[in-house]
Amino acid sequence: MAGLIRREDIDLVRERARIDEVVGEHVTLKSAGVGSMKGLCPFHDERTPSFHVRPQLGRWHCFGCSEGGDVFSFLQKINHVSFMEAVEFLAGKYGVQLRYEGGDRPRRGPDQSQRRRLLEAHRIAEEFYRAYLMLPEAEEARKFLKGRHFGKEDVEKFGVGASPAGWDGLTRHLRSKSFTDDEIIAAGLAIRGQRGPYDRFRDRVMWPIRDVTGATVGFGARRLGEDPNAPKYLNTPETPIYHKSQVLYGIDLAKKDISRQRRVIVVEGYTDVMAAHAAGETTAVATCGTAFGKEHTQLMRRLLGDVESASAGVMLADGRARGGEVIFTFDGDEAGKAAARRAYVEDQAFAAQTFVAVDPHGKDPCDLRVEGGDEALQKLIASRVPLFEFVLRSVLLSLNLDTAEGRVQGLRAAAPILAGIKDRALQTEYARQVAGWLGLEPREVERAMYQSARTQPRQQAQHSDSSESRRESAEVVEPQGPPLQRLLPDSRGGHSTERLTIAATLQRPLDVVGAGLEGLTPAAFADSRNQAMFAELVRRGGLDAFLDQLQRAEGEVGVGEAAVGVATQRWGADLVDGASPQVAEDLTALMVMSLPVEEDDLREYAQGLVRSLVRRDLEQQGRILQARLARLDSSSPESTETLEQLWAVERRRRAYMSMEE
Ligand SMILES: [Zn+2]
C-alpha cells in the first residue's frame, strides 16, 4: 500500500533500537535477574515495580496493568503517537533510512502527525529565538542573563533565546517554513487576533521547555520591557503536546543524574534551574507556571526508582535518604506554609523522602549564586531538612517555647501534624523529636497526637482534589477536645505535691531550711495559683524573712519552740497581709491544711517534698534548655549562651543529687 513503511525497514529499526535505552528515558530500570530489568510502570500508578523489560527479546510487560508490547508500542503509548511516528522517531534516533511503499512519504493525516508538526514548529521557534538573542536588538535579554551570572555555555546548554518586540516576527518566520496559521496557533506560539495571528511571546527572554526526550514542547518567557499590562512570566498554554501538569523544566538535562544520584531538586524558576546546574547541582528541575502536583510526583518516582516505604526517609550514612530524595527549595516568607501543603498533598511514601532547603533570608537559588557563588547554592542544598521536621519546626519556632503557655500551644500545633504522618515508625520518631524541642516526655506528645487523630478524623491526612480544601487542611488548626493543658507533665498529678510543699513550707519553715527551696523558680510550679503563692513568698523575702522573724522572736521569748511558733505565725501573717485577695485566700488554706504525717516525721517529709520539686525543676530547666539548643544554629552566640546555661543547670542538678545521697 502506498505510503507505508517497508516491512524490512520496520524490522531493522526494531532490531537496532535498544528497548532498555528507549524505556530508560522514561523509567529508571534496574536488573531483575538474568536478561530482565524492571522499574515503576509509567502506565499505572504503583510503588513497587511490576514493569518488566527483556532487552534481548525487545519486549516489555507490566504485571500490574497487563500492558505490554515492543519498543514501538511503548513509544506510541507514552508519547501518544501513531505507529508510523514511533517508527520514524526511532529510525532517526538509530540511523535507519526508511523507504516507503510506492516511493513517497505519505502526506500527513489530520491528527496522526500533528504532534510531529507541532514539535517541528517548536524546534524552528527555538532556533529563531536563539538566533535573535545574538542580534544587537536583544541587548536587554543578554544583559538580563549576564546579570544573573550566566555564561555562554549555560545559555547554550539550556537553549535560551529572546523574542523580538514586534507583533509577528515568529509567525511570519513559521509561515515561510510552510506552517499554517492554524498550526502556529495550535502550537501555542501565536494568538488569533482580529487581523490575523500575532506572536504570543514578545520582547521576552525565552526558555525552551523540553520533555524527557529533549524535544522542545513549549516555552517559558520573562518580560523584558516595562509594559505593565504584560505579565512578568508567561508560559505556553495547554496544547496537544504541552501539558503543564506533566512538564518539568530541566528534566531533559537532569534526568540521568536524577536516576544516578537518586535525588531531585525542585526549584521555583527557570533561572533557579540554570543556576543550580551551573553550580553543579545537576538534578534541579522546576515546574512551569503551576504547583508540583500528582503527575510530577509520578514522573519523579519513575526516575528515582521504587520506594521501599518501610525505610523511606531513613538517612543513609552519606546523608542521603534511602529510596531517593526529593529536595524542595522554597523562597520567601511563605516557605513554611508551602512546605506544609506539600506534606499533606503528597502521598505519604513520597513525603517521607521529601526534604526542604530554605535560605534564612528568603533568597532564591539564583540570587544566592549571584551573591555568594556556586558554594552558596551548594550550601543551601546541603542545609536540607526532612519535610515533616521542617513543617514542625516552622510551626513551633513562631512560639515562645520558654514559657509554659508557649509549650502548650506548641503541643497543640504539633499534634495534628504528627497525627497526619502515616508511617508509624516515622511518626514515633517525630513525636520523640517534638518532645525534645518542647522539653516534654515523648509519651505526652504521643498522647496529644492520638487525641488529635481522634478528634479530627482524617481531616489532615485525607485530601480532596480541590486545591482550596488542600490549603485548608494544610493549615494548622486547633484540635477540639479536652484542654491540652492537662497533658503537660508538670500538671499531671503534680499539683498536690506543689500544694503540700508550699503547705509544709508555710507551716514548718524551719524544717524546710536547707532543702534548696531558694533555688526554685516560680516556673517549677505548673499550677498558676501555686506559682502565684510561691512568687509572693519569694517577693516577701522567702525563708530569709522567716529567719529574720525568728531572730527577733528569740530576742523576745528566748531560743526554743516558742520562738519558732511566734516567728512562723508572724511571717505567715505578713505574707497574707501583703498578698492579693486570691493569693491570700490560697495561702491561708494551706496554712491550716493538715499534713499527712506524724509530728516526728514532719521535718523529713517537708525536706523530701522540697527536694523532689527542686529536682523536677532542674530537670525541667535542663529539658527546656536542651530543646532551645536543638532549635538554635550551633554557631550562633545564643547557642553558646544556652549551652553555658545548660551546663550550669546540669552542675546544680549533680550537686543537688550528690547532696541528697
Ligand atoms: Zn502497569
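Because the structure is a prediction, the values reported are computed rather than measured.
- Shown here for P237 and Y242, the closest heavy-atom pair between the two residues is O-CD2, 3.3 Å.
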What's the verdict on side-chain contact (heavy atoms from CB on, under 4.5 Å) for L411 and V445, showing C-alpha distance, side-chain angles and the deciding distance?
CA-CA 7 Å; L411 186 60; V445 175; 4.0 Å; yes
Hey, mind stepping through Q298 and D45 against side-chain contact (heavy atoms from CB on, under 4.5 Å) and telling me if it holds?
CA-CA 7 Å; Q298 287 169 7; D45 193 14; 3.5 Å; yes
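- When side chains are defined from C-beta on, C288 does not count as touching Y233, because their heavy atoms never get closer than 4.5 Å.
- Of all non-hydrogen atoms in P208 and M206, the two that sit nearest each other are CD-O, 3.7 Å.
- With hydrogens and angles disregarded, a donor-acceptor distance shorter than 3.5 Å links the side chain of E238 to the backbone of K244.
- Sorted by first and then second residue, the pairs that involve residues 368-378 and meet salt bridge (charged side-chain N to carboxylate O under 4.0 Å, His left out), not counting sequence neighbours, are K363-E371, R369-D374, E375-K379.
- The side chain to side chain donor-acceptor pair (under 3.5 Å) test with E325 is passed by exactly one of R384, Q261, R262, Q353: R384.
- A distance of 6.0 Å separates CG of L396 from CG of L392, quoted to the nearest 0.5 Å.
- Within the 4.5 Å cutoff, side-chain heavy atoms of R175 are placed close to those of P197.
- Here the rule is ring pair (Phe, Tyr, Trp, His ring centres under 6.0 Å) with Y270, and of W207, F158, F219 only W207 fits it.
- Of all non-hydrogen atoms in F179 and A121, the two that sit nearest each other are CZ-N, 3.6 Å.
- Expressed to the nearest 0.5 Å, how far OG1 of T171 lies from CG of D199 amounts to 3.5 Å.
- The backbone N or O of I258 sits nowhere less than 3.5 Å from a side-chain atom of T283 that would complete a donor-acceptor pair.
- Classification of E153 and K157 as a salt-bridged pair fails, no side-chain N sitting under 4.0 Å from a carboxylate O.
- Taking the side chain as every heavy atom from C-beta outward, F328 and V358 never approach each other to under 4.5 Å.
- Between I191 and R200 the shortest side-chain heavy-atom distance falls below 4.5 Å.
- Closest approach of G220 to N235, counting heavy atoms only: CA-OD1, 3.4 Å.
- Taking CG of D359 as the reference point, atom CG of D367 lies at 9.5 Å (rounded to 0.5 Å).
- The salt bridge (charged side-chain N to carboxylate O under 4.0 Å, His left out) search around E25 returns K93, K255, not counting sequence neighbours.
- Counting heavy atoms from C-beta outward, L174 and L170 have side chains that approach closer than 4.5 Å.
- Not counting sequence neighbours, the partners of E137 by the side-chain contact (heavy atoms from CB on, under 4.5 Å) test are Y132, L135.
- Not counting sequence neighbours, the partners of E156 by the salt bridge (charged side-chain N to carboxylate O under 4.0 Å, His left out) test are K152.
- Among residues two or more places apart in sequence or in another chain, the salt bridge (charged side-chain N to carboxylate O under 4.0 Å, His left out) test is passed with D203 by none.
- Listed by chain and residue number, I19, V27, L29, F51, V53, F74 satisfy the side-chain contact (heavy atoms from CB on, under 4.5 Å) test with V23 (two or more places apart in sequence, or in another chain).
- A413 approaches V395 most closely through the heavy-atom pair CB-CG1, 3.2 Å.
- Within the 3.5 Å criterion, the main-chain N or O of S245 finds a donor-acceptor partner in the side chain of H296.
- Pairs engaging residues 266-292 under the salt bridge (charged side-chain N to carboxylate O under 4.0 Å, His left out) rule: R263-E281 [sequence neighbours left out].
- Judged by distance alone, the side chain of S163 and the main-chain N or O of R204 form a donor-acceptor pair under 3.5 Å.
- Between L299 and E295 there is no side-chain heavy-atom pair separated by less than 4.5 Å.
- Taking a cutoff of 4.0 Å between a charged side-chain nitrogen and a carboxylate oxygen, R142 and E139 do not qualify as a salt bridge.
- Using a distance-only test at 3.5 Å, with no hydrogens or angles considered, a donor-acceptor pair links the side chain of D154 to the main chain of G151.
- Distance CZ/R192 to CD1/I185: 3.5 Å, rounded to 0.5 Å.
- Judged as a side-chain contact (heavy atoms from CB on, under 4.5 Å), and not counting sequence neighbours, the contacts of S176 are H173.
- Counting only heavy atoms from C-beta outward, the side chains of T329 and I381 approach each other to under 4.5 Å.
- Separation of atoms CZ (R223) and CG (N229) is listed at 9.5 Å; rounding is to 0.5 Å.
- Not counting sequence neighbours, the partners of Y198 by the ring-ring contact (aromatic ring centres under 6.0 Å, His included) test are W167.
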After noting the C-alpha distance and the side-chain angles of T271 and F150, does the key distance pass the side-chain contact (heavy atoms from CB on, under 4.5 Å) rule?
CA-CA 9 Å; T271 53; F150 295 127; 4.1 Å; yes
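- For the pair S452 (side chain) and A448 (backbone), a donor-acceptor distance under 3.5 Å is absent.
- Residues L438 and L401 are in side-chain contact: their nearest non-hydrogen atoms beyond the backbone lie under 4.5 Å apart.
- In this structure, CD1 on I421 lies 4.5 Å from CZ on F388, to the nearest 0.5 angstrom.
- A donor-acceptor pair under 3.5 Å links the side-chain atoms of R148 to the main chain of F144, judged by distance alone.
- Between G218 and T236, the closest heavy-atom pair is CA-OG1, 3.3 Å.
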Go through the steps to decide whether L399 and R407 satisfy the test side-chain contact (heavy atoms from CB on, under 4.5 Å), and finish with yes or no.
CA-CA 8 Å; L399 303 168; R407 291 200 298 277; over 6 Å; no
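- For H149, there are no ring-ring contact (aromatic ring centres under 6.0 Å, His included) partners, not counting sequence neighbours.
- Partners of D168 according to the salt bridge (charged side-chain N to carboxylate O under 4.0 Å, His left out) rule, which considers only residues two or more places apart in sequence or in another chain, are R172.
- Applying the side chain to side chain donor-acceptor pair (under 3.5 Å) test to residues at least two apart or on different chains, the pairs with a partner in residues 118-127 are E120-R123, R123-E127, E126-R130, E126-R210, E126-T216.
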